[in-house]
Amino acid sequence: MPINPPNVGLYACGPTVYNFAHIGNLRTYVFNDVLRRTLLKNGFKLKHVMNITDVGHLTSDADEGEDKMLVAVKREKKTVWDIAKFYTDAFFSDTEHLNIQTPETLCKATDHIKEMIEMDQKIEKNGFAYFTGGNLYFDTGKLDDYGKLARLKLDELKEGARTDKDHNKKNHTDFVLWFTKSKFGEQEMKWDSPWGTGYPGWHIECSAMSSKYLGEQFDIHTGGIDHIPVHHTNEIAQSEAATGKKPWVKYWIHGEFLVMDKGKMAKSSGTFITLQTVIDKGFDPIAYRFFCLGTHYRKQLMFSWEGLEGASSAYKALKNKIAEVDGSGKDNEKLKASFQDKFLKEINDDLNMPRALAVLNEVINDNNLSKQNKVDLISDFDNILGLDLLKQEEVEIPKEIQDLIDKREEARKNKDFALSDTLRDEIKAKGFVVEDTKEGPKIKKQ
Ligand code: AMP
Ligand code: ZN
């Protein structure tokens, strides 16, 4: 149950925009989209907030490594602002291709530096921060339940403090709230703060922006599972430290990873597949969405081109079946309602999309439903699935083929079936299939 029904506040960690999203990232946003659509279907009034991480951050979650944005600046010889704009646009082009709905509120980190500084100040005032070596750190030692989300074993983590590269930290798990002593002299994005000119630590943006748009406590927070041990753990620490330990988020929902046989797909490794690559290889991007929906979001999904090929064929077959859907039954409102309930039960059972797809197949194959019942149900289910199930591809028919079709129609009128069959074969040899229907010939690409 939400904190303030029927309103639901949902915060999703958004993309870092120093490179294209890879299809692993996009799997997480497909899962967010299904969650969003399911909440709306259940009648909740949704406020879905997603951030855009356009401040440079380090390649490792633990405040170490290279600054991701600076890596991109060197690679592309553009300003950080141009890079952020370019990859933000690319991200939304990808999400549009995947029928991912845009959240009600999008917020860029660089537009919320003031809010981040204010939250850092609250944390400092409440005694959870210390300033040393030019940076403001969060003191995880001050929280007795630090790491509760990930069930971290704190004694082991504190042990690690001695080996930590950053000797300013009191505890291994401490993290930076505000940097003034950047490890990178050429940092382009800098802002004034009470601690000096610098830039925010990574985690603070999500705490600051979620509280601005959703309040100090809200219902659902999502992200990929990689965020559990560090990013979300630190978001909780900051938010609860700032509000005087009010329990922050009611439900955490994490999506499992898309993996390849070589291991996880990661932006920083440089070996990632983008949606554009998928499209360039001739796949419909919605076939990738279909591929994602075939596995529960809490299970790892192994990506391979063969696997995607299989999903793509199944998706095409499904659409073809739907294009020809017929129903021998009469309109049956009771049966239709029972399928609606069944589908809703599956999506409400922790977003069980594989089983929801099975219900869709049952509908298509049920002889007791009328054609109209089936079309209504498919359309209803597609509001959640987002698979363009009833959208028919416009087939562009070359003039040469159209001429053959016209000739064949003429032959059929003249009852010259031998000629009509020969023409059908000729059309087929050129890659098109003619089907004779009550409404006239229907043409499909083979
Ligand atoms: P990023 O842009 O790197 O911050 O990641 C955006 C989202 O994608 C985050 O919620 C990550 O947890 C998620 N993510 C990163 N890698 C993968 C992956 N291989 N599979 C699924 N989700 C991922
Ligand atoms: Zn976040």
Side-chain angles (χ1 to χ4, degrees), residues 10-35 49-61 65 68-69 71-72 83-84 87-88 90-92 94-95 98 100 103 106-109 112 116 119 149-150 175 200-214 218 220-239 248-249 252-275 288 291-292 295-303:
L10 164 64
Y11 185 88
C13 284
T16 39
V17 285
Y18 60 90
N19 204 337
F20 292 108
H22 57 61
I23 53 173
N25 302 130
L26 294 170
R27 180 190 185 199
T28 290
Y29 297 106
V30 168
F31 134 66
N32 276 298
D33 185 59
V34 167
L35 171 64
V49 178
M50 186 176 79
N51 66 307
I52 312 281
T53 302
D54 56 350
V55 178
H57 290 296
L58 309 182
T59 44
S60 134
D61 280 349
K68 295 169 182 172
M69 201 58 106
V71 171
I83 285 171
Y87 289 113
T88 302
F91 176 77
F92 286 110
D94 285 349
T95 54
L98 289 170
I100 293 171
L106 296 173
C107 40
K108 287 200 289 189
H112 295 80
M116 294 186 221
M119 186 168 256
L149 178 73
F175 54 94
W202 170 31
H203 317 294
I204 196 70
E205 69 179 78
C206 291
S207 293
M209 292 193 269
S210 62
S211 97
K212 172 168 178 176
Y213 296 105
L214 297 172
F218 61 92
I220 307 175
H221 193 317
T222 62
I225 43 151
D226 56 324
H227 283 340
I228 299 172
V230 181
H231 183 50
H232 289 167
T233 286
N234 292 346
E235 282 185 28
I236 296 172
Q238 295 166 154
S239 299
W248 185 40
V249 169
W252 286 90
I253 313 184
H254 290 98
E256 246 294 357
F257 260 36
L258 178 85
V259 293
M260 303 226 284
D261 45 4
K262 288 182 226 95
K264 76 170 190 178
M265 192 175 291
K267 255 185 203 177
S268 47
S269 75
T271 57
F272 58 86
I273 298 169
T274 62
L275 191 65
Y288 179 66
F291 175 73
C292 291
T295 299
H296 193 269
Y297 76 90
R298 275 195 293 107
K299 289 210 175 100
Q300 249 186 21
L301 174 56
M302 174 69 82
F303 179 81

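Whatever order the structure lists them in is the order used to number ligands and atoms, beginning at 1.
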Which is closest to [atom] in terms of heavy atoms, [options]?
{"atom": "atom 2 (O) of ligand 1", "options": "I52, T16, I228", "value": "T16"}
{"atom": "atom 13 (C) of ligand 1", "options": "V30, T28, N51", "value": "T28"}
{"atom": "atom 15 (C) of ligand 1", "options": "I225, L258, N25", "value": "N25"}

Could you list which atoms of ligand 1 come closer than 4.0 Å to a heavy atom of [X]?
{"X": "G223", "value": "10 (O)"}
{"X": "D226", "value": "11 (C), 12 (O)"}
{"X": "H22", "value": "16 (N), 17 (C), 18 (C), 19 (N)"}

Open item on the list: Would the distance check show the side chain of T222 and the main-chain N or O of H254 forming a donor-acceptor pair, the cut-off being under 3.5 Å?
Closed with: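 Looks like no, no N/O pair under 3.5 Å.
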TODO: For residues I225 and F257, report the shortest heavy-atom separation together with the two atoms involved.
DONE: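 Answer, listing the atom of I225 first, then F257: CG1-CD1, 3.8 Å.
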Does any N/O atom on [X] come nearer than 3.5 Å to any N/O atom on ligand 1?
{"X": "Y29", "result": "no"}
{"X": "R27", "result": "no"}
{"X": "F257", "result": "no"}
{"X": "C13", "result": "no"}

Task: From D33 atom CG to L26 atom CG, the distance as rounded to the nearest 0.5 Å - done: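 It comes to 11.5 Å.
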Open item on the list: Could you walk me through whether F175 and Q238 satisfy the side-chain contact (heavy atoms from CB on, under 4.5 Å) test, starting with their C-alpha distance in whole Å, then the side-chain angles of each, then the deciding distance to 0.1 Å, before giving a yes or no?
Closed with: CA-CA 10 Å; F175 54 94; Q238 295 166 154; 3.3 Å; yes
- [ ] Test H203 against every option in H227, H231, H232 by the ring pair (Phe, Tyr, Trp, His ring centres under 6.0 Å) rule and name the one that passes.
- [x]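 Filter result, single survivor: H231.
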- [ ] Would you kindly say whether Y11 and N51 are connected by a side-chain donor-acceptor distance under 3.5 Å?
- [x]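 Side-chain D/A pair, Y11 to N51: present.
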Open item on the list: Can you confirm whether the side chains of S207 and S239 place a donor and an acceptor under 3.5 Å from each other?
Closed with: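 Short answer, yes.
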Open item on the list: Less than 6.0 angstrom separating the ring centers of Y213 and H112, yes or no?
Closed with: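 For Y213 and H112, the ring centres are under 6.0 Å apart.
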Task: Close side-chain approach of L10 to L35, heavy-atom, < 4.5 Å - done: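 Yes, side chains in contact.
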TODO: For the residue pair E256 and H296, establish whether any side-chain heavy-atom pair is separated by less than 4.5 Å.
DONE: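 A side-chain contact is absent here, since even the closest heavy-atom pair is not under 4.5 Å.
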Open item on the list: When you measure from the heavy atoms of P15 to every atom of ligand 1, does any distance fall below 4.0 Å?
Closed with: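 P15 counts as a contact of ligand 1 under the 4.0 Å cut-off.
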- [ ] Could you pull out all residues at least two apart from V249 that satisfy side-chain contact (heavy atoms from CB on, under 4.5 Å)?
- [x]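 In terms of side-chain contact (heavy atoms from CB on, under 4.5 Å), with neighbours along the sequence ignored, V249 is linked to F218, H221, W252.
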Open item on the list: Strictly under 2.8 Å of the Zn ion (ligand 2): which protein N/O/S atoms qualify?
Closed with: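 The answer is C13 SG, C206 SG, H231 NE2, E235 OE2.
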